[in-house]
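Report on the structure given below.
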Amino acid sequence: MDSIFADAQKRLVEVFRHIDLTDDVREKLKHPKLSLCVSIPVRMDNGHLRVFTGYRVQFDDTRGPTKGGIRYHPDVSLDEVTSLSFWMTIKCAVMNLPFGGAKGGVSVNPKDLSRLELERLSRSYIRAIADIIGPQRDIPAPDVYTNATVMGWMADEYYQIKRQQLPGVITGKPIHLNGSLGRDSATGRGALHVLQQWVERHDLHAEKMTLAVQGFGNAGYHFSRLAHEAGFKVVAISDSRGAIFSEEGLDPQKVMDHKEQKKDLRTMLYCDGSVCDLQRYKKLSGRELLELDVDVLVLAALENQVDKDNAGNIKARQLLEIANGPVTSEADVLLAKRGITVLPDVLVNAGGVTVSYFEWVQNRAGFYWDENKVNSRLKETMVREARTIFDLAEEKHISLRTAAYLQGVKRIAGAITQQGTHEYFQNT
Ligand code: GLU
């Protein structure tokens, strides 16, 4: 199997067929600008020192300081972080945010660490990468298994190193530490705006549509909650341990309340407490959830969930990519042949980085917006870029993914070309 980055790059081949680009642009999009691999020493609660491996990759900064989250996961690798930094570059351009793309990660299972160990790890990681980040250079944010609390520790560590309060260095911070209202739910909310635009455009009706959601982290939870409020029927939800299904529909908020209490979705199968009194659930494996006959399969977990081996079993009519890279390039082709529409990650999950941008703007201005303003500006941005991409796909008869990439690459190419000297070297 290809590396994740090699697979991510394959998508560009199709994009390049539809756009006239200089060699400079093609060449630049193949290589990350900076890849840093660091050792992160952490004093564990038992007194022993453990050294973790972390990464920060800045892919391209032609359009502005690089932007992208930090992931804590046992499978984090340089290949994965590089791919994620590439997707961030495309995503920021798709949304027309004045940022390039980056990503960071630490290879660790955060569930194995105590809270204090997690804090020491987060501070140690920032000490290791402090020289290459900054409000005008590279701005981290949350990603898989990191959250506002982690961002708060990281920002504080950075201020101590620089001996200055520089809140624009990290986004997704806690509200009381100069975070933005609405950032927490932004990825899920943005994804719902894209789905609603799609539904409206195709004369579909939310009340008649069923959704299965893979992944119940920050994005999957907020999306499910808001989709349920908007009238969609969420019939299945999974987390890393298993899935639950109910033909009548689930109430995602109740599922979350239960998960918070029991830390496991599967315990919902047993009738303990009020939840089971109200609803009946069927237990499924994570894989079975992917193959449910629903209108929309929502992929909100990790990359490579739908590949050439299971693409043929997908029964959903639409796939909504809230995770980064959940469908491989081979699966893209197989799904398209079967008439299944993929609403692509670089658009669908861009609400997170869009509100990160708003947070950075507020931090720099020192002037804070109320939640309505954040949410209405998010909606405006998501709707505008979604419509542009839907129009482009229809006009050129290309997939939504190719249309989104086309839109992003066009903006990046404009920046690279206007910065470069290519034309002076032609015909010499
Ligand atoms: N980690 C999120 C993403 O993949 C958010 C990045 C950010 O806010 O900078 O889009």
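The first residue in the sequence is number 1, and the count goes up from there. All ligand and atom numbering here is 1-based and tracks the order in the structure.
The residue from G172, G351, P142, S356 that puts a heavy atom closest to atom 2 (C) of ligand 1 is P142. The option with the heavy atom closest to atom 3 (C) of ligand 1, from among E359, K67, K91, R183, is K91.
Atom-to-atom distance recorded for I322:CD1 and N218:CG is 10.5 Å, nearest 0.5 angstrom.
Ligand 1 has no atom lying under 4.0 Å from any heavy atom of A350. Heavy-atom separations between M88 and ligand 1 include at least one value shorter than 4.0 Å.
Each of F86, F99, W87 was checked for a ring pair (Phe, Tyr, Trp, His ring centres under 6.0 Å) with F59, and the lone residue meeting it is F86.
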Q) Could you go step by step and tell me if E119 and R115 meet the salt bridge (charged side-chain N to carboxylate O under 4.0 Å, His left out) rule? A) CA-CA 6 Å; E119 177 171 350; R115 191 178 163 98; over 6 Å; no
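Contacts with ligand 1 closer than 4.0 Å are made by no heavy atom of I139, backbone or side chain.
Against a heavy-atom cut-off of under 4.0 Å, K103 is close to the following atoms of ligand 1: 1 (N), 3 (C), 4 (O). The ligand atoms of ligand 1 that sit less than 4.0 angstrom from a heavy atom of D143 are 1 (N), 2 (C), 4 (O). Short contacts between ligand 1 and A141, defined as distances under 4.0 Å to a heavy atom of the residue, involve ligand atoms 7 (C), 8 (O), 9 (O).
A distance-only check finds a donor-acceptor pair linking the side chain of E359 to the backbone of K173 [under 3.5 Å]. At least one donor-acceptor pair under 3.5 Å links the side chain of T66 to the backbone N or O of R137.
Side-chain atoms of S180 and Q362 form a donor-acceptor pair, as typed in the model, at a separation below 3.5 Å.
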